[in-house]
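In what follows, a structure is listed as structure tokens, so that the remarks can point back to it.
Proteins come first, then strands; the chains are lettered A, B, ... in the order of their sequence lines, and each starts at number 1. Below, all heavy atoms of this structure are taken into account, side chains as well, without hydrogens, waters or symmetry copies.
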Amino acid sequence: MKILLFGIVQDIVGSSSIEKNLSREISVAQLQEEMLIEYPKLKDIKKFAVAVNESYAQENDLIKNTDIVAIIPPVSGG
Amino acid sequence: MKNISIKIAQEKLDLQTCMDFVTDETCGGISFFVGTVRNHTDQRNVLKLEFSAYKAMAIKEMQKIAEASIVKFNITKIAIHHFEGSLEIGEIPVIIAASSPHRKNCIAACQYAIDHLKESVPIWKKEYFEDGSVWVNSRP
């Protein structure tokens with residue numbers, strides 16, 4: 001599964017996307033936890049949201065290998 | 001939809017394009033919100049801003065805001081255009097234009113749309129100062 005990264009998260013990870021292989025479905029909250037373990041510097045930013053298939057996802061939503069997933073740090077458009 | 005214009009552009013945004021889109025014979029007023037790049041943040045001089053977007057999702061979120069604005073305020077047309085790329089002081093990152101038969105509706109719709117755009121649309125702003133740069137709103 002490809003995870004798209006934006007803004008400050010792109011700078012922290014050093015890439016515009018990462019690959020992650022899911023052997024089973026995981027929840028949005030689990031993905032957030034795993035990201036924090038793999039990239040501890042994400043703890044320095046405000047809480048980040050997760051988008052699944054181009055919509056904001058809730059903590060309990062499940063992610064499949066075929067979903068389009070993106071990490072959404074606090075937005076600042078306008 | 002014929003009454004909604006959504007755009008994320010790498011070219012300079014154009015007020016007249018938004019004006020032309022929302023102009024309608026049934027309307028008695030058009031309201032605009034125009035964002036401009038400010039030259040300072042917390043007393044530090046800003047040199048330029050850079051906007052990046054998750055374009056596919058940003059367009060969907062802008063569309064949702066536009067649809068909600070039409071339902072909520074009973075406006076006739078709305079345009080929400082956002083810039084992506086690098087901007088100098090005074091340039092325009094966002095234009096919202098709305099038209100309605102009576103003025104109160106389009107004015108309220110502009111306020112609603114810019115407030116929600118800032119809350120939910122996946123676009124990020126990086127501020128460049130003389131001594132470095134920051135992603136706005138990202139750190140606690």
Side-chain angles (χ1 to χ4, degrees), chain A residues 1-20 27-29 31-33 35-78, chain B residues 6-9 13 33-38 41 46 49-65 80-85 87 91-96 110-127 132-140:
Chain A
M1 179 184 62
K2 194 178 193 177
I3 301 177
L4 306 173
L5 309 175
F6 296 95
I8 195 168
V9 176
Q10 201 174 91
D11 282 3
I12 286 172
V13 175
S15 174
S16 61
S17 70
I18 53 172
E19 277 295 331
K20 201 170 178 66
S27 70
V28 165
L31 174 68
Q32 284 170 320
E33 271 173 44
M35 289 291 295
L36 286 170
I37 292 165
E38 276 174 60
Y39 305 98
K41 279 193 168 170
L42 291 177
K43 287 176 190 147
D44 299 341
I45 70 169
K46 285 188 194 165
K47 203 166 182 273
F48 55 87
V50 173
V52 177
N53 302 325
E54 299 168 356
S55 282
Y56 284 105
Q58 304 300 312
E59 283 196 345
N60 296 327
D61 290 349
L62 291 175
I63 298 170
K64 299 188 293 291
N65 234 331
T66 50
D67 288 330
I68 304 167
V69 175
I71 304 295
I72 310 286
V75 301
S76 51
Chain B
I6 301 293
K7 187 152 107 177
I8 293 180
L13 301 183
F33 174 80
V34 180
T36 52
V37 177
R38 187 173 49 223
T41 293
V46 174
L49 293 186
E50 217 166 86
F51 290 87
S52 59
Y54 178 12
K55 197 168 173 178
M57 180 174 167
I59 285 173
K60 284 186 184 177
E61 290 294 320
M62 287 156 80
Q63 178 76 26
K64 283 183 204 167
I65 292 169
I80 307 179
H81 292 186
H82 204 292
F83 177 82
E84 185 183 22
L87 286 183
E91 291 188 306
I92 297 174
V94 64
I95 299 174
I96 296 173
C110 282
Q111 166 108 53
Y112 171 89
I114 186 60
D115 288 351
H116 283 76
L117 181 146
K118 282 177 171 282
E119 242 166 55
S120 74
V121 176
I123 295 177
W124 298 272
K125 167 164 46 190
K126 199 173 197 177
E127 280 179 331
S133 62
V134 289
W135 288 103
V136 176
N137 199 22
S138 289
R139 302 215 179 251

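Proximity to chain A (any heavy atom under 4.5 Å) is restricted, for B:Phe51, to the side chain, taken from C-beta onward. Proximity to chain A (any heavy atom under 4.5 Å) is restricted, for B:Pro93, to the side chain, taken from C-beta onward. At a 4.5 Å heavy-atom cutoff, the contact between B:Val136 and chain A is made by backbone and side-chain atoms alike. Residue contact with chain A, scored on non-hydrogen atoms closer than 4.5 Å, is absent for B:Ala58. For B:Glu61, the part lying near chain A is the side chain, with the backbone staying farther off; criterion is any non-hydrogen pair under 4.5 Å. Only the side chain of B:Lys60 comes within less than 4.5 Å of a heavy atom of chain A; its backbone N, CA, C and O stay farther away.
The 12-atom threshold is not exceeded at NZ of A:Lys2, counting heavy atoms of other residues, nucleotides or ligands nearer than 6.0 Å. Heavy atoms from other residues, nucleotides or ligands lying under 6.0 Å from CD of B:Glu50 number more than 12.
For the atom pair CD1 of A:Ile72 and OH of B:Tyr54, the computed distance is 6.5 Å after rounding to the nearest 0.5 Å. To the nearest 0.5 Å, the span separating CH2 on B:Trp135 from CD on A:Gln10 amounts to 6.5 Å.
Side-chain contact between A:Asp44 and B:Arg139: present, with at least one pair of heavy atoms (C-beta onward) separated by less than 4.5 Å.
Across all non-hydrogen atoms, the minimal contact from A:Pro74 to B:Asn137 is CB-O, 3.4 Å.
Proximity to chain B among residues 53-69 of chain A is limited to A:Asn53, A:Glu54, A:Ser55, A:Tyr56, A:Ile68, judged by heavy-atom separations below 4.5 angstrom.
Between chain B and the residues A:Asp11, A:Ile8, A:Ile45, the most heavy-atom pairs under 4.5 angstrom are made by A:Ile8. Counting heavy-atom pairs under 4.5 Å between each of A:Gly7, A:Ala49, A:Ser76 and chain B puts A:Ser76 at the top. Heavy-atom pairs under 4.5 Å with chain A peak, among B:Pro122, B:Ala56, B:Gly35, B:Pro140, at B:Pro140.
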task: Report the C-alpha distance between B:Lys125 and A:Val75 in whole Å, list the side-chain angles of each, state the deciding distance to 0.1 Å, and finish with yes or no for side-chain contact (heavy atoms from CB on, under 4.5 Å).
output: CA-CA 8 Å; B:Lys125 167 164 46 190; A:Val75 301; over 6 Å; no
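B:Trp124 meets the ring pair (Phe, Tyr, Trp, His ring centres under 6.0 Å) test with A:Phe6; sequence neighbours excluded.
Remark: side-chain polar atoms of B:His82 are not paired, donor with acceptor, to backbone N or O of A:Gly77 under 3.5 angstrom.
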